[in-house]
Amino acid sequence: RLAGPGAGKTRVLIEKVQYMVNELGIKPESLLIITFSTKSAEELQERLIEGDLSKADVQKMQISTIHSLCIKLLEEHGDVGYDVIADEGSEKLNMFIGKHLKDLGFVDEYYLPNSQISYVLDKYNEYSAFKVDTDKLVDYIKKEWPIDSGYSTYVHDYMESHDGQFPRKDIDKKENKVYKNSWYNAKYLQIARSYPRYIELLDEVHAIDYNQMQIKALELLEKDNDVPYTNVLVDEFQDTDPIQMKIFERLMDNIKSKGEKTSFTVV
């Protein structure tokens, strides 16, 4: 059944956890509870403690966001010391991209203003979530959305005579529709072309964003999914993305192999 906001899904989850521990005798350390945000995880812990579970039992449970779980799994397997540059407002990621625009190739006819960095991040997220073959995408963009040679020549000549300034105002004019379309195509092409370099830059400084965190954790689980969590509960399951779904599938495989007193619950 469908249940919208305020329908009491979290309350049901809390009552189930209490029943599992108090009535079924399930060990608290076997419980993995995934929530939508860090704040939600903290509130869930508080509500469980305020109920009829001891603080000690609640602290044995893994109650966290999917991203906190992923970084925990990586650290437990020796992959430590990451600079997590992701946050809920994407400010750290925006700063990282802005710092590396030249490294990512957003120069000359591929110029990208800082105000459009969020679009780059959206596309990077899409590429990682759906395992997009960016090499094939680059070939497709070149064929279907070509860059006018006159546009490239104009940009290079203009920037050479204007101290490297990109002619944005001229290109934005309606009479330069061909140039305007070419600039859009150039940015779209460079976003796809720069994605592998973005991953390299993260690795070079041992940084990680949320998607790469999930991808690395999934790769780990695909090699060895023998984790201690045999009872998994996921809040706000409708917000699960493709990578997270695969992580949950690996966790379910682990649960199936354990036998009795195991469960997988979504709300």
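Side chains are part of it too, since the values below use all heavy atoms of this structure and drop only hydrogens, waters and symmetry mates. Owing to the predicted nature of the structure, the values given are computational and were not obtained by experimental measurement. The first residue of the sequence shown is numbered 1, and numbering continues consecutively from there.
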Peer 1: If Ile, Leu, Val, Met, Phe, Trp and Tyr residues are connected whenever their side-chain heavy atoms lie under 4.5 Å apart, and connections chain through other members, are Tyr179 and Val155 in the same group?
Peer 2: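 Yes, Tyr179 and Val155 fall within the same hydrophobic cluster.
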Peer 1: Side chain to side chain donor-acceptor pair (under 3.5 Å) for Thr10 and Asp235? Distances and angles first, verdict last.
Peer 2: CA-CA 7 Å; Thr10 303; Asp235 198 7; 3.1 Å; yes
Peer 1: Going from CD1 on Ile63 to CD on Glu46, what distance comes out if it is rounded to the nearest 0.5 angstrom?
Peer 2: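 Those atoms lie 11.0 Å apart.
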Peer 1: Hey, are the side chains of Pro228 and Gln62 touching, using non-hydrogen atoms and a 4.5 Å cut-off?
Peer 2: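 They are not in side-chain contact.
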Peer 1: With sequence neighbours left out, write down each residue that passes side-chain contact (heavy atoms from CB on, under 4.5 Å) with Tyr19, or none if nothing qualifies.
Peer 2: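 Expected list: Glu23, Leu24.
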Peer 1: For residues 38-57, which residue pairs pass the ring pair (Phe, Tyr, Trp, His ring centres under 6.0 Å) check, not counting sequence neighbours?
Peer 2: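 Listed once each, the pairs would be none.
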Peer 1: Can we say Lys173 and Asp170 salt-bridge, meaning some charged N sits less than 4.0 Å from an Asp/Glu carboxylate O?
Peer 2: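 Salt bridge: yes.
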Peer 1: Is there side-chain contact between Tyr127 and Asn211, with heavy atoms separated by less than 4.5 Å?
Peer 2: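 No, too far: nothing below the 4.5 Å cut-off.
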Peer 1: Indicate yes or no for a side-chain donor-acceptor contact from Asp79 to the backbone of Glu75 under 3.5 Å, with no hydrogens or angles considered.
Peer 2: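 No; judged by distance alone, with no hydrogens or angles, the pair does not exist.
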Peer 1: If hydrophobic clusters are built by linking Ile, Leu, Val, Met, Phe, Trp and Tyr wherever their side-chain heavy atoms come under 4.5 Å apart, do Leu233 and Leu221 end up in the same one?
Peer 2: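 Different clusters: Leu233 never reaches Leu221 through Ile, Leu, Val, Met, Phe, Trp or Tyr contacts under 4.5 Å.
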Peer 1: Just jot down the side-chain hydrogen bond (donor to acceptor under 3.5 Å, both in side chains) partners of Glu76, sequence neighbours excluded, or say none.
Peer 2: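 Glu76: side-chain hydrogen bond (donor to acceptor under 3.5 Å, both in side chains) contacts with Lys72.
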Peer 1: Answer with yes or no whether the hydrophobic clustering places Ile243 together with Phe264; edges join I, L, V, M, F, W, Y residues whose side-chain heavy atoms lie under 4.5 Å apart.
Peer 2: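 Hydrophobic grouping puts Ile243 with Phe264.
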Peer 1: Which residue pairs pass the ring pair (Phe, Tyr, Trp, His ring centres under 6.0 Å) test with at least one member in residues 38-70, sequence neighbours excluded?
Peer 2: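 Listed by first then second residue: His67-Tyr210.
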Peer 1: For Asp163, check side-chain contact (heavy atoms from CB on, under 4.5 Å) against everything at least two apart and list the hits.
Peer 2: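 Checked Asp163 against side-chain contact (heavy atoms from CB on, under 4.5 Å); zero matches.
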Peer 1: With hydrophobic residues grouped by side-chain heavy-atom distances under 4.5 Å, do Val267 and Ile247 end up in a single group?
Peer 2: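 In one cluster with Val267: Ile247, no.
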Peer 1: Hey, are the side chains of Tyr110 and Ile147 touching, using non-hydrogen atoms and a 4.5 Å cut-off?
Peer 2: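 A side-chain contact exists here, since the closest heavy-atom pair is under 4.5 Å.
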Peer 1: Does Asp83 pair with Lys92 as a salt bridge, N-O distance under 4.0 Å?
Peer 2: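 Not counted as a salt bridge, because no side-chain N and carboxylate O are separated by less than 4.0 Å.
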Peer 1: Any chance the rings of Tyr111 and Phe106 have centres within less than 6.0 Å?
Peer 2: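 No: the rings miss the under 6.0 Å criterion.
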Peer 1: Does the plane of the ring in Tyr154 sit parallel, tilted or perpendicular to the ring in Tyr158? Use 30° and 60° as the thresholds.
Peer 2: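 Taking Tyr158 first and then Tyr154, their aromatic rings sit tilted (interplane angle of 30° to 60°).
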Peer 1: Does a salt bridge link Arg250 with Glu219, judged by any charged N lying under 4.0 Å from a carboxylate O?
Peer 2: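 No, this pair does not count.
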Peer 1: How long is the span from the CD atom in Glu43 to the OG1 atom in Thr38, to the nearest 0.5 Å?
Peer 2: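 Spacing of CD (Glu43) from OG1 (Thr38) equals 11.0 Å.
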Peer 1: Under 4.0 Å between a side-chain nitrogen and a carboxylate oxygen: does that hold for Arg47 and Glu50?
Peer 2: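 No.
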Peer 1: Is the shortest side-chain heavy-atom distance between Leu137 and Tyr195 below 4.5 Å?
Peer 2: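 Side-chain contact under 4.5 Å: no.
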Peer 1: Any side-chain to backbone donor/acceptor pair from Ser128 onto Tyr124? Under 3.5 Å, distance only.
Peer 2: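 Yes: the side chain of Ser128 pairs with the backbone of Tyr124.
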Peer 1: Closest heavy-atom contact between Val227 and Lys258?
Peer 2: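 Residues Val227 and Lys258, closest heavy atoms: O-CE, 4.4 Å.
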Peer 1: Keeping to residues at least two apart or across chains, list the side chain to side chain donor-acceptor pair (under 3.5 Å) pairs with something in residues 131-149.
Peer 2: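 Every pair satisfying side chain to side chain donor-acceptor pair (under 3.5 Å) with a residue in residues 131-149: there are none.
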Peer 1: Is there side-chain contact between Leu220 and Leu74, with heavy atoms separated by less than 4.5 Å?
Peer 2: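 Contact flag for Leu220/Leu74 side chains = yes.
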